[in-house]
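Notes for the one structure printed next.
In the text below, chain A, chain B and the rest are named by the order of the sequence lines, each starting its count at 1.
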Amino acid sequence: MENKSPNNAHDSKKRKRVDGAQNPRSQVQSQSPLAVKKQKLLQSRQNLPIWSRQRDIRNRLREHDILVLSGETGSGKSTQLPQFLLAESWCTGKIAVTQPRRVAAISLARRVAEEMGSPLGSSSPASKVGYSVRFDDNTSPGTKIKYLTEGMLLQEMLRDGTLSQYSCVVVDEVHERSVDVDLLLGFLKQLLESGKRRKPLKIVVMSATADVESLSEFFSTPMTKPEVSGDTSNGTVHGDDEEFNGFSDSEQPTPVEKKQVSTCRVEGRQYPVKLHYLDNPTEDVVDAALQRILHLHCKEPMPGDILVFMTGQEIIQGLQKLVEELAGNLPSEYPRLLVLPLFAALPQAAQQRIFERAPPNTRKVILSTNIAETSVTVPGVRYVVDTGKAKIKQYRNRLGLESLLVKPISKSSADQRKGRAGREAAGQCFRLYTQQSYGELEKDTKPEILRCDLSNAVLKMKARGVEDVLSFPFLTPPNREAMEKALLQLLLLGTLNEDGKINDIGRKVARLPLTPTLGRIVLEAARPERDCLLEVIDIIACLSVENIFQPTDTEEAREKALEARSQLHRRQGDHLTLLAAVQAYASETSDRKRWATDHLISHRAMQNVMNVRKQLIAQCKPLSPNPTIRSTTDEATQENILKCFLKGYHSNNIARLCPDKTYKTFAGNQTVAIHPSSVLFGRKVEAVIYNEFVFTTKAYARGVSAIQLKWLEDVWGSS
DNA sequence: TGTGATCAG
């Protein structure tokens, strides 16, 4: 039965006829539900734009190792391309397909399993399709097609430097240009040019935009100085290495010739969207959006929901009030208007409301951040209103901190937003800016690697044996200053040696699912002198998820929160307060959700904390097989916990109280105030450490704990 | 006395 499956047929000549078999009735009667479902799906697969390109794509990959495929949403590339390749003679191993987001990896795997008539993941050893995302590895030994997040493949590359179990890596959604995708592309390019693979490795790079030239140029041009060196002796957290790790041989790399890269374009499927611009620029986009929403609602026929792109939570909630007010005053002959906000911090249940059908005679208006641009598909939308702005992360080398700024979006972002109106029928897009302003927008959004703190990326490169990170093959190289800042940071953390080589600590930190700073703190906690691993992991878990404390926007809510959380507050500061919260939650055995609600703590955030905690404890097992559980009321324990943080923050995140009663940072002697959300707010202690420095109405330190200056020598004096 | 686009390990 296995061999009858068209996608497993190893006889590619017969394949076309089997796929096209139009008389499945006799098979259907005798086949399992999975096979019936597969047969039903075949027709819709055959209608996808990419279907007719199957032969072409397979031929191209027989002749070339690299294929750059551009295709818009709806072309079917993410589901069909991996299936096309399964029967190729070079495809003896697995096919990896990377995705930027977990939900995408999971839903694609589910869909492809159905199409292939295969059980999903670990449910059966016969499963051909699986997925792997953080906290959820759903694969079986027989998995041939594996959907996984970019971060998961990066982790796999640290453990198995040549990706020996794969015959093909498909990198999807490259146009989003996450830091992880940029690293992956560089690592894959190095791997291809290293000549380290025993069997061929095929690479398919897929992008929704037509930036095919830069991608094919990237892969076809050999690196001037192939980077092959590095000390990769074992220093693992897992201790399960079998394969070599990176490019550790001292032998010279094989000389590289210019690679042949094949390129291919597939049409998407999209209904037409009519564009409208403002004649004159507006000063007040909120008002312009309000007018546009009401006008659309009163003039355009039903059905047809409206999706409005805005910058952030606050402005969305403001507009929501205005629209609801005005819509309430409309004459009764108009349909009703249901306003739904959408942003990531919104509780899950509230986010779900956008998928529910509106009551009869009601039009939905969804006011969204750019979450609706890529991460969430809102159904029923025929009208898009675009303010042309978004909050964008920026990194400032000199201050060494990331901040969010409202900035104009790029052309490709604007076009993506517009496309959201044409998913189900023809639609319209109203841009709340002029056509001239559109013309002046950047073509693409600046890749994240040019806008962020690079210490994590650089550490990963070092852990893969890349010694000269300045000549790493980046699709768009970050500037030298940002790279040097990251190297310095890693050196201060003690993850690199003076000569820039990664050390044992660095290799261990690189494998933890944390920033280098937080990873370093965890390692410190495992040292026998500190011996407070479990306690520090609880705190670190909180710092690596969203805020566990429910936001308090009114005076009343603030008082209520203060009251509800009073038993959790620790006078030493926010770190020990977080620890108290996790310990209380974890020891709650009856109803954790209720406990969270009672304490005005986000249950969803706490569930994430528990997942991260479990993962970190498992990963740290080799560091400290039997960690002691400490009494957290013991002063020595408290001191040890905070000293671990001191080790990770070194001079960056410390401030001391000056005679003028203000806190000044160690590093820059800058005045910094304790944030009102801190339990230490308003208190004066000799010195503090803090998790982050933010500049809003003034310079604030958030996540603050009291320390003693005499501790510094103990922490900095030792290695 | 005040904040937060989004995603990933």
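Of the residues near DNA chain B, A/Q99 and A/E314, the one whose nearest nucleotide (by heavy atom distance) lies more toward the 5' end is A/E314. Between A/S544 and A/K393, the one whose closest nucleotide on DNA chain B sits nearer the 5' end is A/K393.
Remark: A/D386 does not engage A/K418 in a salt bridge, criterion side-chain N to carboxylate O under 4.0 Å. Here A/K77 does not pair with A/E173 in a salt bridge; the nearest charged N to carboxylate O distance is not below 4.0 Å. Between A/K411 and A/E440 there is no salt bridge, since no side-chain N of the basic residue sits under 4.0 Å from a carboxylate O of the acidic one.
Remark: P of B/dT1 and CG of A/L680 are 17 Å apart, rounded to the nearest angstrom. Between the CE atom of A/M310 and the C1' atom of B/dA5 there is a distance of 13 Å, given to the nearest Å. Between A/D386 atom CG and B/dA5 atom P the separation is 17 Å, expressed in whole Å. Summarising the geometry, the separation between CZ on A/R134 and P on B/dG9 is reported as 6 Å, rounded to the nearest angstrom. Distance CD (A/E173) to P (B/dT6): 18 Å, rounded to an integer number of Å. For the pair A/R451 CZ and B/dA5 P, the computed distance is 15 Å after rounding to whole Å. When the P atom of B/dG4 is taken as reference, atom CG of A/N691 falls 18 Å away, rounded to whole Å. The distance between atom CD1 of A/I106 and atom C1' of B/dA8, rounded to the nearest whole Å, is 13 Å.
In this structure, the nucleotide among B/dT1, B/dT6, B/dA8 sitting nearest to the side chain of A/A344 is B/dT6. Relative to the side chain of A/H675, the nucleotides B/dT3, B/dT6, B/dG9 differ in distance, and B/dT3 lies closest. Nearest to the side chain of A/P676, among B/dG2, B/dG9, B/dA5, sits B/dG2. Side chain of A/T369, nearest nucleotide from B/dC7, B/dG9, B/dA5: B/dA5.
Residue A/S677 has no polar side-chain atom (N or O) positioned under 4.0 Å from OP1 or OP2 of B/dT3. In this model, the phosphate group of B/dT6 is not approached by any side-chain N or O of A/T374 to a distance below 4.0 Å at OP1 or OP2.
When heavy atoms are screened at a 4.0 angstrom cut-off, A/E150 is found touching no nucleic acid atom at all. At a threshold of 4.0 angstrom between heavy atoms, the contacts of A/V179 with the nucleic acid are absent. Within 4.0 Å of A/R101, counting heavy atoms only, lie sugar-phosphate atoms of the nucleic acid but no base atom. Contacts of A/S178 with the nucleic acid, taken as non-hydrogen atoms under 4.0 Å apart, are absent. Note on A/I371: only backbone sugar-phosphate atoms sit closer than 4.0 angstrom, heavy atoms only; bases stay farther off. A/A390 comes within 4.0 angstrom of no nucleic acid atom, judged by non-hydrogen atoms across all strands. Using a 4.0 Å heavy-atom criterion, one finds that A/Q313 contacts the sugar-phosphate atoms exclusively. A/T515 comes within 4.0 angstrom of a nucleotide base, judged by non-hydrogen atoms across all strands. Nucleic acid contact for A/L514: base, since at least one base atom lies under 4.0 Å from a heavy atom of the residue.
Here the side chain of A/R520 pairs a donor or acceptor atom with the backbone of A/L493 at under 3.5 angstrom. Judged by distance alone, with hydrogens and angles left aside, the side-chain atoms of A/T665 form a donor-acceptor pair with the main-chain N or O of A/Q670 at under 3.5 Å.
The stretch residues 693-702 of chain A comes close to DNA chain B through A/T696, A/T697, A/Y700, A/R702, each having a heavy atom under 4.0 Å from the strand.
No side-chain heavy atom of A/L441 sits under 4.5 Å from any side-chain heavy atom of A/S410.
Side-chain polar atoms of A/Q489 and A/N652 form a donor-acceptor pair below 3.5 angstrom. For the residue pair A/D574 and A/Y690, no side-chain donor N or O sits within less than 3.5 Å of a side-chain acceptor on the partner. Judged by distance alone, the side chains of A/R396 and A/S403 do bring a donor and an acceptor atom under 3.5 Å apart.
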